[in-house]
Protein chains: 2
Amino acid sequence: MEKKLRMTHQREIILDELRRCRSHPTADELYERIKKKLPRISLATVYRNLEILSEVGLITKLEISGRQKRFDWDVQDHDHVYCTECHRVDNIPTATTTCLPVDPDQQKGYQITGCRIEFYGLCPNCQKPRKVQKFKGDKDMACKSCTTGLSDTQRQVLEAFAKSEEACGSKDIAAATGMESKKVSCQITALKKKGFVSSPVRCKYEITDEGKSQLSC
Amino acid sequence: MEKKLRMTHQREIILDELRRCRSHPTADELYERIKKKLPRISLATVYRNLEILSEVGLITKLEISGRQKRFDWDVQDHDHVYCTECHRVDNIPTATTTCLPVDPDQQKGYQITGCRIEFYGLCPNCQKPRKVQKFKGDKDMACKSCTTGLSDTQRQVLEAFAKSEEACGSKDIAAATGMESKKVSCQITALKKKGFVSSPVRCKYEITDEGKSQLSC
DNA sequence: CCTTGACATGCGAATGATTATCAAATACAT
DNA sequence: ATGTATTTGATAATCATTCGCATGTCAAGG
């Protein structure tokens with residue numbers, strides 16, 4: 001008793017237009033592009049079809065953190081990063097592709113059908129220090145991160161490294177700062193990239209001179 | 001130049017009410033409960049304060065997959081499962097707590113500040129077969145899952161196991177079905193719990209007789 | 001104890017994203 | 001070509017959330 005789908009012109013264009021996007025457009029971004037080819041198309045049609053196409057598995061619907069839905073032509077399994085500032089979304093290759101299975105006895109009775117992993121942070125554009133500006137024009141919470149290029153969390157992690165005599169792992173830092181080890185490891189990666197920590201041994205890190213100089217300002 | 005917060009009566013009640021919730025209420029669920037104590041409170045006040053409290057880290061804002069925001073008194077790092085049917089949210093202990101750090105050179109320039117892991121599936125209540133009903137009262141897509149208690153994906157995985165001569169791992173099944181290994185491992189866990197597959201060796205699974213009988217109906 | 005200014009509140013209206021409704025148009029099997 | 005189930009476009013409706021603003025409250029200083 002399957003309801004059969006018809007390949008209408010608009011459905012075809014919608015699918016086609018999404019597929020030629022390298023980004024992850026929202027319904028209305030897509031609508032704007034499609035209007036150029038089909039000026040009479042309705043926004044509702046775009047929504048409807050994106051929904052249908054994702055239901056039948058021709059595209060993927062991304063429901064990222066309470067924001068506008070986005071759509072992805074790529075139905076392969078992959079994870080995403082999004083910018084907390086401008087809400088741009090990108091693909092991100094995860095180091096460990098295998099999922100973290102949950103202890104079966106601990107699933108609270110849920111019949112789990114999937115899992116979503118998403119990273120967040122600042123995209124290249126939004127990292128550019130733009131003076132006193134935080135989220136949505138908040139009064140004047142002067143943010144240290146703007147002056148040093150370090151987020152508060154990163155500073156915290158870096159300070160923990162500074163206190164340590166020898167190279168240590170993310171768990172040690174997590175213990176020292178009271179932060180979640182999940183966040184810590186993300187921060188370390190970022191700090192490493194900026195050259196503020198280095199890794200003398202696999203999985204052990206220490207602060208660099210450059211990192212120390214960051215802390216002194 | 002910090003903006004100083006006042007602990008007003010309503011803010012106190014809101015915090016208190018959330019803390020005595022073992023669930024993860026939405027703003028308006030909380031509003032309903034709070035109205036009993038403060039009948040004159042405004043919904044906007046609830047929203048405002050939940051936002052502020054989460055900004056200063058006294059509570060956590062959960063932005064789960066495109067739905068209504070939920071709030072959590074527990075600021076410790078932990079992951080969640082949500083029901084795709086009724087949208088209930090629960091805590092879930094993840095087996096591997098360490099995050100999957102991303103290859104630094106592959107971060108696309110993002111300065112990553114965190115990561116969110118969420119599982120989804122059917123909660124105990126929504127697993128009860130309730131005749132022909134899928135999401136949002138969809139016409140009549142008769143769903144096999146209702147008759148057997150297996151989702152289509154689970155059936156697919158189980159069928160792959162049935163075809164295999166010997167015990168195999170989730171990657172083998174992923175390859176055989178073309179599914180994402182992430183999903184496969186979740187399904188296996190569920191199937192194992194139901195007794196349709198068993199694990200003769202760690203990380204290897206095989207179909208049980210009970211599983212075989214499921215496939216024949 | 002009265003005034004001031006910074007926060008906060010309550011109300012209703014506004015917004016933004018998404019869905020629902022429904023008559024008219026269209027695709028597709030026959 | 002024809003019948004009919006599916007789709008469309010236009011518009012209204014919904015839902016969660018936020019905004020504007022007049023009013024209220026608090027803490028500190030005179």
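The figures here come from the full heavy-atom set of this structure, side chains too, leaving out hydrogens, waters and symmetry mates. Residue numbers begin at 1 in each chain, while the letters A, B, ... track the order of the sequences.
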Asks: Residues of residues 6-14 of chain A with any non-hydrogen atom less than 4.0 angstrom from an atom of DNA chain D: list those, numerically ordered, please.
Replies: Arg6(A), Thr8(A), Gln10(A), Arg11(A)
Asks: Tell me every residue that passes salt bridge (Lys or Arg N to Asp or Glu O under 4.0 Å) with Arg20(A), counting only those two or more places apart in sequence or in another chain.
Replies: Asp16(A)
Asks: For a quick test of your reading: what N or O donor-acceptor pairs under 3.5 Å do the side chains of residues 35-47 of chain A make, sequence neighbours left out?
Replies:
residue  : atom : partner  : partner atom : Å
Lys37(A) : NZ   : Glu17(A) : OE1          : 3.1
Ser42(A) : OG   : Ala44(A) : N            : 3.1
Thr45(A) : OG1  : Arg48(A) : NH2          : 3.1

Asks: Measure from CD on Glu29(B) to P on dA16(D) and round the result to the nearest Å.
Replies: 10 Å
Asks: List in chain and number order the residues that pass side chain to side chain donor-acceptor pair (under 3.5 Å) with His9(A), two or more places apart in sequence or in another chain; answer none if no residue qualifies.
Replies: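 Partners of His9(A) under the side chain to side chain donor-acceptor pair (under 3.5 Å) test: none.
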Asks: Tell me, please, which residues at least two apart from Glu12(B) pass salt bridge (Lys or Arg N to Asp or Glu O under 4.0 Å).
Replies: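 If we apply the salt bridge (Lys or Arg N to Asp or Glu O under 4.0 Å) test to Glu12(B), skipping adjacent residues, there are no hits.
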Asks: Tell me which pairs pass ring-ring contact (aromatic ring centres under 6.0 Å, His included) where either residue lies in residues 14-41 of chain B, with sequence neighbours left out.
Replies: His24(B)-His80(B)
Asks: Taking only nitrogen or oxygen atoms into account, show me every contact under 3.5 Å that the protein makes with nucleotides 13-15 of chain C, one pair per line with its distance.
Replies:
none

Asks: Does a side-chain N or O from Tyr47(B) land closer than 4.0 Å to OP1 or OP2 of dT18(D), or not?
Replies: no
Asks: Of the nucleotides dT17(D), dA20(C), dT9(C), which has the atom closest to the Ala44(A) side chain?
Replies: dA20(C)
Asks: List the atom of Tyr110(B), the atom of Cys83(A), and the distance in Å for their closest heavy-atom pair.
Replies: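 In this case the closest contact between Tyr110(B) and Cys83(A) is CE2-N, 3.8 Å.
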Asks: Who passes side chain to side chain donor-acceptor pair (under 3.5 Å) against Asp28(A), sequence neighbours left out?
Replies: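 If we apply the side chain to side chain donor-acceptor pair (under 3.5 Å) test to Asp28(A), skipping adjacent residues, the hits are Thr26(A), Gln68(A).
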Asks: Asn49(A) near the nucleic acid: base, sugar-phosphate alone, or nothing, with a heavy-atom cut-off under 4.0 Å?
Replies: sugar-phosphate
Asks: Got a sec? Which of residues 33-43 of chain B come in under 4.0 Å of DNA chain C, heavy atoms?
Replies: Arg40(B), Ile41(B), Ser42(B)
Asks: Taking only residues two or more places apart in sequence, or in another chain, which ones meet Arg19(A) in a side chain to side chain contact (heavy atoms under 4.5 Å, CB included)?
Replies: Leu15(A), Leu58(A), Trp73(A)
Asks: What's the NZ-P distance between Lys69(A) and dT18(C), to the nearest Å?
Replies: 5 Å
Asks: Among residues at least two apart in sequence or on other chains, which ones pass ring pair (Phe, Tyr, Trp, His ring centres under 6.0 Å) with Phe71(A)?
Replies: none
Asks: For Lys4(B) and dA28(D), is the shortest distance between a side-chain N/O and OP1 or OP2 below 4.0 Å?
Replies: no
Asks: Please identify each residue that fulfils salt bridge (Lys or Arg N to Asp or Glu O under 4.0 Å) with Asp90(A), with sequence neighbours left out.
Replies: Arg88(A)
